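Here the structure comes first, spelled out in structure tokens, and everything after it is commentary.
Every chain is numbered from 1, with letters handed out A, B, ... down the list of sequences. Fair warning: this is a prediction, and the values are worked out from it, not measured in the lab.
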Amino acid sequence: MKTKIYNDILKSLKKIGAKCDENFTVEIPNVAEHGDFSSNVALINTKILKMKPHVLAQKIVDDLSNKRDYKSIEIAGPGFLNFKIANSLYYKELQKISDAQYNYGSSNYGKRKKVLIEFISANPTGPLNVVSARAGAYGDSLFRIMEHIGFEPFREFYINDAGNQVDILAESLEIRYRELHGHECEEFPFEAYHGEYIKDLAAELNTIEGTKLFHMTEEDRLERMKNFALDEIHKIQVSSLNRFDVQFDNWMSEKKLRAEGILEEALSYLAEAGCTYEKDDAVFFSSTKFGDEKDRVLIKADGNPTYLVPDIAYHLTKYNRGFDIIIDVLGPDHHGHVSKLRAAIKALELDDSKLEVVYLQHINLLQEGEVVKMSKRAGNIVTMDELLDYVGKDAARYFFIDRKPSAHLDFDLELAKKKSSENPVFYCQYAFARINSILKKAKKVKLTLKKFDDKNLKKLNKADEINLIKKMLDLSSVLNLCADNREPHRLANYVHELAGMFHKYYAKYKIINEENPDLSMARLYLISVVQIVISISLDLMGISSPKKM
RNA sequence: GCGCCCGUGGCUCAAUUGGAUAGAGCAUCUGACUUCGGAUCAGAGGGUUAGGGGUUCGAGUCCCUUCGGGCGUGCCA
């Protein structure tokens with residue numbers, strides 16, 4: 001709809017002057033008196049065409065006013081053009097939605113651009129926590145939305161299954177395993193992993209292997225421990241993600257990158273570019289050349305690479321795989337690291353504008369207005385599974401998506417569980433269920449949409465009905481904004497508003513009226529389309545649309 | 001110190017990317033169920049968009065500055 005108006009204006013603008021700024025907008029004004037759509041075209045072009053806004057606006061109006069699609073075009077304020085659309089055009093658009101069904105809103109907006117979305121990438125040293133849950137809801141929804149509007153997105157999880165922390169994981173398991181065989185360790189090391197799940201893993205390993213592991217060399221045993229722990233924890237993480245309806249297209253393993261020699265490759269590229277030097281037995285990256293505050297260590301004095309090296313190597317593979325857009329979804333504590341990474345990408349002469357980093361801010365879990373400390377000892381919610389047990393998948397996903405990524409998130413656990421209008425998830429789902437129930441009722445009184453006659457659409461002449469249609473027509477621009485800004489929260493707001501409009505409409509007008517079957521049919525048709533749009537929106541957030549609640 | 005993010009009614013957040021009178025929900029108060037699901041709806045109060053300056057037809061949005069909060073600034077990952 002917006003594009004149609006935009007094109008109409010552009011045509012008449014071209015008739016007036018050859019040179020003009022095409023960068024004007026067509027928007028839905030927030031005040032009803034300003035019409036259905038408004039444009040700033042006359043304001044923007046006033047300088048270029050050397051014409052006063054009102055004069056220019058009048059010329060455009062004269063050119064467009066004979067079109068049937070516009071009920072009226074008015075000039076207002078400093079020179080806005082306010083369009084009122086004829087209802088007939090809205091009815092046509094409503095039918096298009098109905099015809100498209102669940103494909104409505106899909107488009108080629110993304111032009112098949114290849115987008116890599118890396119998210120969660122939690123350490124493989126324990127179950128996923130609520131921070132990963134936010135990242136999961138965010139990344140997966142962004143994926144769904146981008147896919148719907150014609151991007152080619154790709155979901156990836158990076159596993160840091162090599163290096164220091166994994167060795168500590170193996171040692172932690174070793175200690176717990178020895179405990180099972182009566183070898184109490186004197187003091188559990190501070191840096192080791194303290195979680196109960198390590199004990200579970202030890203018990204599981206013990207039932208498989210028994211005492212056999214003690215006959216191995218320490219090196220072999222630790223290797224076995226490491227691989228066992230990594231495999232099992234991976235399984236635990238995958239099963240949490242399945243519960244959360246989050247899938248990945250690829251799991252990238254750091255261990256594999258190392259085995260394939262990609263770290264050396266990355267290092268040699270940096271060396272070739274003349275960006276490395278040795279000092280104090282360590283190898284440095286001269287990242288100051290690329291805007292970093294100081295040079296960074298690549299190879300430590302003990303010969304091991306720092307965390308930066310595999311990460312550079314990993315990003316090298318991202319570039320080599322030919323993505324147009326590379327999105328890293330990270331925690332807020334990573335931005336120090338990203339400046340180093342970005343410096344390396346510039347050093348490798350890769351296009352660093354392709355790399356975008358989204359920082360998801362911290363989460364507070366709230367219970368009765370109090371912040372819940374994420375401490376296992378107090379029996380509080382820490383893991384993603386515990387959160388899912390407590391509030392369910394739909395509520396968890398909605399609450400995580402509801403706020404923009406750059407905002408700190410207060411997650412009210414009690415609210416998420418409530419089944420009333422205070423809880424936005426239920427409010428939206430209830431709208432869907434309610435429509436379902438009305439349609440069922442309609443069938444009982446022999447009103448079914450199969451016998452629907454297009455002419456009945458004229459009965460939808462209330463402003464509230466037109467507003468509902470307008471709102472639904474807005475879906476694709478909402479999706480485009482979600483994708484462009486990497487901000488799926490806009491969709492959560494949208495569906496909440498749409499559900500609200502429906503609830504209000506329902507309360508105000510009787511939909512099934514046996515005395516007036518034509519009107520009833522038209523309204524049933526309208527709400528059935530509302531139902532589809534709600535369902536599409538929820539689905540793009542990974543939230544279900546239950547027919548009954 | 002330097003860098004990044006943030007600051008909008010009592011609370012949690014929006015605001016179509018610079019548009020017209022800054023909107024929702026919660027909380028508070030007042031109303032509405034013999035009728036399609038009251039898990040809902042109608043209405044009310046509540047704001048100098050942290051303060052100040054600038055850019056222009058026009059600023060919550062962009063620039064400068066002050067203040068306040070979060071995070072980062074490892075030969076940890």
Distances under 3.5 Å only, N/O to N/O: pair up the protein atoms with those of nucleotides 30-32 of chain B.
none

Detail all sub-3.5 Å separations between protein N/O atoms and N/O atoms belonging to nucleotides 8-12 of chain B.
from   : atom 1 : to       : atom 2 : distance (Å)
B/rU12 : O2'    : A/Arg403 : NE     : 3.3
B/rU12 : O2'    : A/Arg403 : NH2    : 2.1

| said: On the nucleotide B/rC75, are OP1 or OP2 found under 4.0 Å from the side-chain N or O atoms that A/Lys279 carries? | reply: no
| Rounding to the closest angstrom, what is the interatomic distance between B/rG31 and B/rG18 at atom P? | 46 Å
| request: Please state whether the phosphate of B/rC36, meaning OP1 or OP2, lies under 4.0 angstrom from any side-chain nitrogen or oxygen of A/Arg523. | output: no
| query | Is there side-chain contact between A/Asp328 and A/His315, with at least one heavy-atom pair below 4.5 Å? | reply | yes
| task | Write down the distance separating the P atoms in B/rG23 and B/rU49, rounded off to the nearest Å. | result | 13 Å
| Roughly how far apart, to the nearest Å, are B/rG46 and B/rG9 at atom C1'? | 6 Å
| note | Among B/rA77, B/rA20, B/rG74, the one nearest any side-chain atom of A/His337 is B/rA77
| request: Find out whether the Lys NZ or Arg CZ of A/Arg434 is both under 6.0 angstrom from the six-membered ring centre of A/Tyr506 and within 45° of the ring's axis. | output: yes
| Salt bridge A/Lys462-A/Glu465, side-chain N to carboxylate O under 4.0 Å | no
| message | Quick check on RNA chain B: between A/Asn513 and A/Lys294, whose nearest nucleotide comes earlier from the 5' end? | response | A/Asn513
| message | Under the criterion of centre distance below 5.5 Å and interplanar angle below 30°, is A/Phe80 classified as stacked on the base of B/rG19? | response | no
| query | Of the nucleotides B/rG25, B/rA20, B/rC75, which has the atom closest to the A/Asn82 side chain? | reply | B/rA20
| query | What is the distance, rounded to the nearest whole Å, between atom NE2 of A/His34 and atom C1' of B/rU16? | reply | 16 Å
| request: Assess whether one donor atom and one acceptor atom, taken from the side chain of A/Asn40 and the base of B/rA20, lie less than 3.5 Å apart. | output: no
| Distance, P atom - from B/rA22 to B/rC6, rounded to whole angstrom | 24 Å
| Whom does B/rU35 pair with, Watson-Crick or G-U wobble, provided both distances fall under 3.5 Å? | none
| said: Measure CG/A/Asp474 against C1'/B/rA15 and give the value in whole Å, please. | reply: 13 Å
| query | Rounded to the Å, how far apart are A/Ile438 CD1 and B/rU35 C1'? | reply | 13 Å
| message | Roughly how many Å apart are B/rG60 and B/rA14, using the C1' atom of each and rounding to a whole number? | response | 11 Å
| query | Under 4.0 angstrom, heavy atoms only, what part of the nucleic acid is A/Phe502 near: base, sugar-phosphate, or nothing? | reply | nothing
| At under 4.0 Å, does any side-chain N or O of A/Tyr359 touch on OP1 or OP2 of B/rG3? | no
| message | Could you identify the nucleotide paired to B/rA59, looking across every strand shown and requiring Watson-Crick or G-U wobble geometry with both distances under 3.5 Å? | response | none
| request: Check whether any side-chain nitrogen or oxygen of A/Arg490 sits under 4.0 Å from OP1 or OP2 of B/rA15, and answer yes or no. | output: yes
| query | Looking at A/Lys470, does any N or O in its side chain come under 4.0 Å of the phosphate oxygens OP1/OP2 on B/rU16? | reply | no
| note | As its Watson-Crick or G-U partner within any shown strand, both distances under 3.5 Å, B/rG43 has B/rC29
| said: Quick one, A/Tyr158 and A/Asn160 - any side-chain contact, counting heavy atoms below 4.5 Å? | reply: yes
| salt_bridge(A/Glu156, A/Lys318) N-O dist < 4.0 Å | no
| task | Quickly work out the A/His489 NE2 to B/rC6 P distance and round it to whole Å. | result | 12 Å
| Pairing partner (Watson-Crick or G-U wobble, both distances under 3.5 angstrom) of B/rG72 | B/rC2
| field | Protein-nucleotide distance (A/Gln165, atom CD; B/rA77, atom P), rounded to Å | value | 8 Å
| A/Phe24 CZ - B/rG18 P separation (whole Å) | 17 Å
| field | A/Tyr427 ring center near A/His496 ring center (under 6.0 Å) | value | yes
| remark: Taking B/rG19, B/rA14, B/rA42 as options, the one with an atom nearest any side-chain atom of A/Glu27 is B/rG19
| In whole Å, what separates the C1' atom of B/rC33 from that of B/rA42? | 14 Å
| said: Checking A/Ser286 against A/Asp295 for the side-chain hydrogen bond (donor to acceptor under 3.5 Å, both in side chains) test, could you report, in this order, the C-alpha distance in whole Å, the side-chain angles of both residues, the deciding distance, and whether it holds? | reply: CA-CA 5 Å; A/Ser286 43; A/Asp295 291 348; 5.3 Å; no
| field | Any-strand Watson-Crick or G-U partner of B/rA14, both distances under 3.5 Å | value | none
| P atoms of B/rU56 and B/rC63, separation to the nearest Å | 16 Å
| message | Reading RNA chain B from 5' onward, which residue's closest nucleotide shows up sooner: A/Glu254 or A/Ala433? | response | A/Ala433
| field | Separation of atom CG in A/Leu524 from atom P in B/rC36, rounded to whole Å | value | 15 Å
| query | Does B/rA14 have OP1 or OP2 sitting under 4.0 Å from an N or O in the side chain of A/Tyr494? | reply | no
| query | In Watson-Crick or G-U wobble terms, both distances under 3.5 Å, what is the partner of B/rG7? | reply | B/rC67
| remark: A/Pro78 has its side chain closest, among B/rG19, B/rC41, B/rG38, to B/rG19
| query | Taking the six-membered ring for Trp, are the ring centroids of A/Phe119 and A/Phe157 within less than 6.0 Å of each other? | reply | no
| said: Is A/Lys340 close enough to B/rU73 that one of its side-chain N or O atoms is under 4.0 Å from OP1 or OP2 there? | reply: no
| said: Strictly by ring pair (Phe, Tyr, Trp, His ring centres under 6.0 Å), give each pair with a member in residues 23-60 of chain A just once, sequence neighbours left out. | reply: A/Tyr6-A/Phe24
| When we call it a touch if two heavy atoms are under 4.0 Å apart, what does A/Ser477 touch: a base, just sugar-phosphate, or nothing? | nothing
| When we call it a touch if two heavy atoms are under 4.0 Å apart, what does A/Lys508 touch: a base, just sugar-phosphate, or nothing? | nothing
| Interatomic distance, A/Phe426 CZ vs B/rC41 C1' [rounded to whole Å] | 20 Å
| query | What do you reckon, is NZ of A/Lys443 surrounded by more than 12 foreign heavy atoms closer than 6.0 Å? | reply | no
| message | I want to check a possible cation-pi pair here: A/Lys279 against A/Phe284, using under 6.0 Å from ring centre and within 45° of the ring axis as the test. | response | yes
| said: Counting only heavy atoms from other residues, nucleotides and ligands, does the tally under 6.0 Å from NZ of A/Lys470 exceed 12? | reply: yes
| field | Inter-nucleotide C1' distance (B/rG47, B/rU8), Å rounded | value | 8 Å
| message | Classify A/Asn480 by what it touches in the nucleic acid, base, sugar-phosphate, or nothing, heavy-atom distance under 4.0 Å. | response | nothing
| task | Provide the closest heavy-atom pair for A/Lys255 versus A/Asp161 in the form atom of the first, atom of the second, distance. | result | N-OD1, 2.7 Å
| task | Answer with yes or no whether A/Ser38 presents, from its side chain, a donor or acceptor under 3.5 Å of a partner atom in the base of B/rA20. | result | yes
| task | Please lay out, stage by stage, how A/Gln165 and A/Asn123 fare under the test side-chain hydrogen bond (donor to acceptor under 3.5 Å, both in side chains). | result | CA-CA 9 Å; A/Gln165 51 172 359; A/Asn123 284 333; 3.1 Å; yes
